[in-house]
Amino acid sequence: MTALAILVIFPFAMLYAAASDLVSMTISNRVSILLALAFPVVAYAAGMAPGAIGAHLGVGLVCLTVAFGMFAAGWMGGGDAKLLAATAVWFGPTTALLEYFLFTSIYGGLLTVGLLTVRNFVQPVTGVDFVDRLLDGETGIPYGIALGLAGLTVYSGSVWIDIAARTAAF
C-alpha cells in the first residue's frame with residue numbers, strides 16, 4: 001500500500017497542478033493541501049524517522065515563507081507559491097530540493113521564452129478559451145507547468161521511487 005501511495009499521490013498531484021494551471025491559470029489549494037497532509041503519513045509508513053519528517057516539514061515552511069514573499073512582490077502566483085512549498089516538503093533537506101529548484105528554473109525559463117515568443121506571432125483569436133488566455137499578452141505565465149514538470153523529473157529519480165520498489169508487494 002505504501003508503494004502505491006508513493007507512485008500515485010505525488011505524481012498525479014503534479015500532473016493535475018500543471019494541467020490545471022495550463023487550462024485555468026489556477027492551482028487548487030486542494031493539491032497543495034493533499035501533498036502537505038499526505039507526506040507525513042506516507043513518510044511514516046515508509047519508515048522515515050519522526051525527526052526527518054519534521055525536517056522535511058520545516059523545509060516546506062521555509063519555502064512557503066520565501067515563496068509568499070515572492071508572491072507579495074508580484075513575482076509569482078499564490079497557487080505557485082503553495083505548490084512549491086508542498087513539493088519542497090516531499091524533497092526535504094536533500095539535494096533533490098536543489099535539483100527541483102534548478103529544473104523549475106530551466107523549465108520555467110523555457111516556458112516563459114516560448115510563450116512570449118508565440119505571443120509575438122499568434123493573436124488570441126483561436127476560439128479556445130484557455131489557448132486565447134495563454135496568447136493574451138496581459139496574461140501571466142502558468143508557472144505551475146514548470147513546477148509540475150520539475151517535480152516529476154526529480155521525483156522519478158528520487159529516494160521515493162527506491163522506497164516504492166523495496167516496499168512493493170509484487
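Since the structure is predicted, the reported quantities are computational estimates derived from the model, not experimental observations.
Of all non-hydrogen atoms in A86 and A36, the two that sit nearest each other are CB-N, 4.4 Å. Across I145 and A18, no two heavy atoms sit closer than the pair CG1-O, 3.6 Å. A pairwise comparison of heavy atoms in A164 and A3 identifies O-CB, 3.4 Å as the closest pair. The minimum heavy-atom distance linking A13 with L35 is given by the pair CB-CD2, 3.7 Å. For A17 against L83, the heavy-atom pair with the smallest separation is CB-CD2, 3.6 Å. Nearest approach of A5 to V42, heavy atoms of both residues: CB-CG2, 4.0 Å.
Taking hydrophobic clusters as Ile, Leu, Val, Met, Phe, Trp and Tyr residues chained together by side-chain heavy-atom distances below 4.5 Å, M1 does not share a cluster with L37. Tracing side-chain contacts under 4.5 Å through hydrophobic residues (I, L, V, M, F, W, Y), one reaches L102 starting from Y143; they form part of the same cluster. Hydrophobic cluster membership differs between M70 and L61, with clusters built from Ile, Leu, Val, Met, Phe, Trp and Tyr side chains linked at under 4.5 angstrom. V59 and Y44 fall within a single hydrophobic cluster, where Ile, Leu, Val, Met, Phe, Trp and Tyr side chains are chained together by heavy-atom contacts under 4.5 Å. Both L134 and V118 are part of a single hydrophobic cluster, where members link through side-chain heavy atoms under 4.5 Å apart.
Judged purely by atom type and a 3.5 angstrom limit, R133 uses its side chain to pair as donor or acceptor with the backbone of V23. With S158 contributing its side chain and Y155 its backbone, the two residues share a donor-acceptor pair below 3.5 Å. Not a single donor-acceptor pair under 3.5 Å links the side chain of W90 to the backbone N or O of W160. In this structure, the side chain of S32 does not engage the main chain of N29 through any donor-acceptor pair within 3.5 Å. S20 places a side-chain N or O within 3.5 Å of a backbone atom of T26 that can act as its donor or acceptor partner.
Between atom CG of residue D136 and atom CE of residue M25 there is a gap of 10.0 Å, rounded to the nearest 0.5 Å. One distance of note links CG of L111 with CG of L116; it measures 9.0 Å at 0.5 Å rounding. Rounded to the nearest 0.5 angstrom, F101 CZ and I106 CD1 are separated by 14.0 Å. Rounded to the nearest 0.5 angstrom, L115 CG and N120 CG are separated by 10.0 Å. Remark: T126 OG1 to D132 CG distance equals 3.5 Å, nearest 0.5 Å. Distance check: S24 OG to D129 CG gives 12.0 Å after rounding to the nearest 0.5 Å.
I161 has its side chain within reach of L7: a pair of non-hydrogen atoms, C-beta onward, lies under 4.5 Å apart. Put simply, the side chain of D80 reaches to within 4.5 Å of the side chain of D21, judged on heavy atoms. T87 has its side chain out of reach of C63: every pair of non-hydrogen atoms, C-beta onward, lies at least 4.5 Å apart. Counting heavy atoms from C-beta outward, T153 and Y107 have side chains that approach closer than 4.5 Å.
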- Query: Run the side-chain contact (heavy atoms from CB on, under 4.5 Å) check on I6 and I163 step by step: do they pass?
  - Reply: CA-CA 8 Å; I6 289 170; I163 293 168; 3.6 Å; yes

- Evaluate ring pair (Phe, Tyr, Trp, His ring centres under 6.0 Å) for Y16 paired with F12, printing each intermediate quantity in order. CA-CA 6 Å; Y16 182 83; F12 281 100; over 10 Å; no

- Message: Would L135 and V125 count as a side-chain contact (heavy atoms from CB on, under 4.5 Å) here? Give the steps.
- Response: CA-CA 9 Å; L135 295 174; V125 292; over 6 Å; no

- Please test T139 against R119 for side-chain contact (heavy atoms from CB on, under 4.5 Å), starting from the C-alpha separation and ending with a verdict. CA-CA 10 Å; T139 302; R119 286 177 180 172; 3.8 Å; yes

- Message: Apply side-chain contact (heavy atoms from CB on, under 4.5 Å) to residues I33 and K82 and explain how you reach the verdict.
- Response: CA-CA 9 Å; I33 291 169; K82 290 176 271 189; over 6 Å; no

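Enclosure of atom CZ in F130 by more than 12 non-hydrogen atoms of other residues, nucleotides or ligands within 6.0 angstrom is indicated.
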Quiz: residues 92-100 side-chain donor-acceptor pairs under 3.5 angstrom, not counting sequence neighbours:
unit_1, atom_1, unit_2, atom_2, d
T94, OG1, F91, O, 2.7
T94, OG1, A96, N, 3.2

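For residues 47-80, every residue pair satisfying the ring-ring contact (aromatic ring centres under 6.0 Å, His included) rule, not counting sequence neighbours, is listed here: F39-H56, F68-F71.
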